[in-house]
Amino acid sequence: ETFSISQVSQMTGVSKNRIREWHAKGFLPEAHGISVGSRLHRRFSAKDISMIRMIDEYQKQGYLLGTAVYKAKGQE
């Protein structure tokens with residue numbers, strides 16, 4: 001089962017723009033993009049959602065994005 005960016009944003013409390021930024025920077029490599037016309041629709045798995053939650057939690061603790069991602073990947 002996969003989830004839309006809106007669903008993920010609601011589930012995690014992380015804004016859609018931040019999720020898009022993290023995906024664009026390659027921090028959510030397993031998230032899949034589906035092209036519909038000229039638009040890209042991202043789909044996220046339960047594993048992606050877990051990663052987003054961990055990254056967000058580390059950032060709330062004061063870690064910079066790169067460090068937060070590194071620490072979150074270590075928790076997988």
Side-chain angles (χ1 to χ4, degrees):
E1 180 178 14
T2 60
F3 303 89
S4 71
I5 195 167
S6 293
Q7 291 171 310
V8 173
S9 180
Q10 288 177 343
M11 294 165 75
T12 63
V14 177
S15 74
K16 292 185 281 187
N17 284 339
R18 284 184 70 200
I19 295 169
R20 285 185 192 104
E21 175 190 352
W22 296 352
H23 185 247
K25 289 182 176 182
F27 296 135
L28 302 171
E30 295 183 23
H32 297 285
I34 301 168
S35 293
V36 178
S38 62
R39 296 186 55 128
L40 176 68
H41 294 271
R42 293 168 180 86
R43 300 298 297 182
F44 300 87
S45 67
K47 185 177 178 182
D48 296 322
I49 293 167
S50 177
M51 177 65 70
I52 290 166
R53 285 184 174 135
M54 285 189 281
I55 293 169
D56 185 53
E57 184 57 38
Y58 283 123
Q59 283 206 295
K60 286 178 181 174
Q61 293 175 22
Y63 292 98
L64 297 175
L65 179 58
T67 304
V69 170
Y70 177 80
K71 289 179 77 63
K73 286 185 177 184
Q75 296 293 313
E76 285 187 306

If you define the side chain from C-beta out and look only at heavy atoms, does anything of Ile52 sit under 4.5 Å from Val8? yes
List the residues meeting side chain to side chain donor-acceptor pair (under 3.5 Å) with Ser4, not counting sequence neighbours, and say none if there are none. Gln7
Nearest 0.5 angstrom please: Ile55 CD1 to Ile19 CD1, how far? 10.0 Å
Is any side-chain heavy atom of Lys73 closer than 4.5 Å to a side-chain heavy atom of Met54? no
Contacts of Gln10 that satisfy side chain to side chain contact (heavy atoms under 4.5 Å, CB included) - sequence neighbours left out: none
Minimum heavy-atom distance between Leu64 and Gln59, given as atom pair plus value: C-NE2, 4.2 Å
Residues passing the ring-ring contact (aromatic ring centres under 6.0 Å, His included) test with Tyr63, sequence neighbours excluded, are Tyr58
Any donor-acceptor pair under 3.5 Å linking the side chain of Ser9 with the backbone of Val14? yes
Residues in salt bridge (Lys or Arg N to Asp or Glu O under 4.0 Å) with Glu57, at least two apart? none
Approximate separation, where rounding is to 0.5 Å, of Asn17 CG and Ile5 CD1: 8.0 Å
Once you round to the nearest 0.5 Å, how far does CG of Leu28 lie from CE of Met51? 7.5 Å
Any ring pair (Phe, Tyr, Trp, His ring centres under 6.0 Å) involving residues 19-50? Give me the pairs, sequence neighbours left out, ordered by first then second residue. none
Name all pairs fulfilling the salt bridge (charged side-chain N to carboxylate O under 4.0 Å, His left out) condition that reach into residues 3-18, sequence neighbours left out, sorted by first residue then second. Arg18-Asp56
